Student: 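Okay, here's the structure, questions in a sec.
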Amino acid sequence: EVQLVESGGGSVQAGGSLRVSCAASGFTFDGSAMAWYRQAPGSECELVSTITSDGFTVYADSVKGRFTFSKDNSQNTIYLQMNSLKPEATAVYFCTAGLPGVLYGGTCPHDIGSWGQGTGVTVSS
């Protein structure tokens, strides 16, 4: 059974930093594509960053240059380092695996692929 457990969320002032983590189990971690999504109330499900099976990282334009997606194969854990945070980053952040492709719009579909429970991030101005 696939398990994804996020941690590290919290509240931070604008301009500050947070690192969210996702501990993974139940599937072949090495070489697996994974992604971070986020959703704020009243907003659509948004892809924040993804790492391909080849280890290539891709970032949303809104976070590029400020967020870093890393993968620790020895610990079966992925991380999202978030620097220079803006209030627009306030959302629940989800760790995902096994998605067939990029999701567009609407509520994050937790019945497609595997999703963690989410960890909340609040950025105040």
Side-chain angles (χ1 to χ4, degrees):
E1 181 181 353
V2 175
Q3 283 190 287
L4 301 169
V5 182
E6 300 98 333
S7 62
S11 298
V12 65
Q13 293 287 325
S17 298
L18 281 175
R19 187 180 73 164
V20 292
S21 304
C22 175
S25 62
F27 65 100
T28 302
F29 186 80
D30 292 5
S32 295
M34 299 182 71
W36 287 98
Y37 281 81
R38 67 186 180 188
Q39 185 157 38
S43 299
E44 65 183 16
C45 186
E46 178 187 15
L47 174 64
V48 179
S49 182
T50 185
I51 187 164
T52 69
S53 59
D54 295 327
F56 183 75
T57 53
V58 179
Y59 299 90
D61 289 340
S62 60
V63 307
K64 193 175 299 181
R66 300 182 297 109
F67 287 18
T68 303
F69 190 166
S70 61
K71 189 164 183 274
D72 186 342
N73 290 324
S74 69
Q75 297 294 321
N76 283 10
T77 303
I78 62 171
Y79 304 92
L80 185 67
Q81 178 68 45
M82 302 180 287
N83 298 327
S84 301
L85 282 164
K86 301 176 180 179
E88 301 92 277
T90 296
V92 177
Y93 284 70
F94 296 99
C95 170
T96 71
L99 297 181
V102 178
L103 303 172
Y104 294 97
T107 300
C108 289
H110 292 238
D111 58 339
I112 300 175
S114 299
W115 297 69
Q117 82 286 352
T119 187
V121 172
T122 300
V123 183
S124 61
S125 59

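Fair warning: this is a prediction, and the values are worked out from it, not measured in the lab. Computation of the quantities below employed the complete heavy-atom set of this structure, encompassing side-chain atoms and omitting hydrogens, waters and symmetry-equivalent molecules.
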Student: Nearest 0.5 angstrom please: Ile78 CD1 to Asp72 CG, how far?
Tutor: 11.5 Å
Student: To the nearest 0.5 Å, what is the distance between CG on Leu99 and CG on Leu47?
Tutor: 9.0 Å
Student: Which donor-acceptor pairs under 3.5 Å do side chains of residues 87-95 form with protein atoms, sequence neighbours excluded?
Tutor:
residue	atom	partner	partner atom	Å
Thr90	OG1	Pro87	O	3.0
Thr90	OG1	Val123	N	2.9
Thr90	OG1	Val123	O	3.3
Tyr93	OH	Arg38	NH1	2.8
Tyr93	OH	Ala89	O	2.7

Student: Measuring from atom CG of Leu85 to atom CD of Gln13, what distance do you get when rounded to the nearest 0.5 angstrom?
Tutor: 11.0 Å
Student: For Gln39 and Thr107, work out which heavy atoms get closest and say how close.
Tutor: NE2-CA, 3.3 Å
Student: In chain order, what residues pass the side chain to side chain donor-acceptor pair (under 3.5 Å) check against Glu1, with sequence neighbours excluded?
Tutor: none
Student: Could you grab the distance from atom CZ of Phe69 to atom CD1 of Ile51, nearest 0.5 Å is fine?
Tutor: 5.5 Å
Student: Got a sec, which residues hit side-chain contact (heavy atoms from CB on, under 4.5 Å) with Val5, two or more places apart in sequence or on another chain?
Tutor: Gln117
Student: Quick test of your reading: applying disulfide (SG to SG under 2.5 Å), list the pairs with at least one residue in residues 34-76, sequence neighbours left out, ordered by first then second residue.
Tutor: Cys45-Cys108
Student: Would you say Leu4 and Tyr79 are hydrophobically clustered, going by side-chain heavy atoms of ILVMFWY under 4.5 Å?
Tutor: no
Student: OG/Ser114 to CD/Gln3 distance, rounded to the nearest 0.5 angstrom?
Tutor: 10.5 Å
Student: Return yes if some donor-acceptor pair links the side-chain N/O of Glu6 with the main-chain N/O of Gly120 below 3.5 Å, else return no.
Tutor: no
Student: With ring pair (Phe, Tyr, Trp, His ring centres under 6.0 Å) as the rule and sequence neighbours excluded, what pairs involving residues 45-68 come up?
Tutor: none
Student: Can you give the donor-acceptor pairs under 3.5 Å from side chains of residues 16-37 to other protein atoms, not counting sequence neighbours?
Tutor:
residue	atom	partner	partner atom	Å
Ser17	OG	Asn83	OD1	2.9
Ser32	OG	Thr28	O	2.2
Tyr37	OH	Leu103	N	3.2

